[in-house]
Amino acid sequence: MGSDVVVVGGGVIGACIAYELAKAGARAVVMDREASGQASRASAGMLAPLSEADGPGAFLDLGMEGLRLHRPLAEELQERTGIDVGYRPTGLLRVALNETDEVAVRRRRSWHMAAGFSVGWLDPARVHDAEPALSRDIRGAAYYSQEHQVSPPLLAQAALRAAADLGAVVRMGLNVEGFLISGSRVHGVRAGGEQLECDEVVIAAGAWSGAFAELPPALPVRPVRGQLVALQTVSTPLRHLIYSSGGYLSPKPDGLILVGATQEEVGFDPRPTAAGVAGLLHSVARLTPTLASAAFAHALAGLRPGSPDGLPLIGRLPGWSGIAAATGHFRNGVLLAPITAHLITDLLLRGRPRLPLEAFDPARFAVRAA
Ligand code: GLY
């Protein structure tokens, strides 16, 4: 028996797509080969579109819509599954550690305010009122009350469970090896020695999305390693997300503090390294010296799916029918998971996405190559 949609990849993006498709009444199957290095399992879960965008435009609009969808999604998933996905409206302090930082932070704040966002400026005394554990060297901070966080592994787990409760089939440990193709139409997948017919395939395989050579042109997605360090505190000394030019700190409800992140082009190598961990611990010492006494919990690394222009690929594959991409989200897969899921569901089931997708159309790379 066939299904309506096969989603290739069960990280946050694939999980949220399966959930939205199932909610809309589609028969979805999610397949995930559980490769080590999946970005969703090694991500701090910052929901920070203003901190990640370089200016106004389609990417910021997508990020703001992604952020807006997280709170209702978290509430819905908690109701359906009982899982608290760790959504917390913590706010983010973008701190300046030196004069160069301060110029950059103030400049970013200026364009944010010119674009209509409310962003406060805290002088050093107010930074220390807000976060007494931060270093006395901090020269000031921009305060983004609108930037929040979530726990990515819990979000993926809850979305998959909710999708399954609605009838989706979740097949973990299954590698999609290729596709069933007739002419220019994809009508199924080959996985684990089986063939599964379907109406539509969605590639949401993160850094591995470029691996399907039989669908030229291959998706131009490459792995960009991000290492994190997890420190365990008894009662967390931080209330906000802390973002600096040297790294970020994400305090979680259970006292864990995730410190991120490296950005390395080392292929499909998902191992944390001595140099990566040393660099992250150095930035902890500069930002919050008191965390030197926190217990070292573990180090982890994930492979972000990078694209040539840093923007995601969301939409149908050029030259093919029956297949779409939802990948290349680079540093923002968690933030963009809910909006990507809505857009793919719109595209596949309703024919018309709720936001313009030109900037994210996978065809933009095929056009350039032609
Ligand atoms: N979203 C932050 C990072 O990828 O490191």
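Atoms within a ligand are numbered from 1 in the order they appear, just like the ligands themselves. In this text, all values refer to a predicted model and were calculated from it rather than measured experimentally. In this chain, numbering begins with 1 at the start of the sequence shown.
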For Arg304, is at least one N or O under 3.5 Å away from an N or O on ligand 1? yes
Would Glu194 and Arg171 pass as an ion pair if we require N to O under 4.0 Å? yes
Would you say Tyr87 ends up clustered with Leu336 if hydrophobic residues are merged whenever their side chains have heavy atoms under 4.5 Å apart, either directly or through other cluster members? yes
For Ala261, the atoms of ligand 1 under 4.0 Å from one of its heavy atoms are 5 (O)
Just to confirm my output: which protein heavy-atom neighbour is closest to atom 3 (C) of ligand 1, and how far is it? Tyr248 OH, 3.2 Å
Measuring from the heavy atoms of Phe330, does anything fall under 4.0 Å of ligand 1? no
Cationic tip of Arg106 above Trp121 ring, under 6.0 Å, 45° of axis: yes
Salt bridge (charged side-chain N to carboxylate O under 4.0 Å, His left out) partners for Arg271, two or more places apart: Asp269
Arg316 and Asp361 ion-paired at < 4.0 Å: no
Atom 1 (N) of ligand 1: nearest protein contact (heavy atom, Å): Arg331 O, 2.6 Å
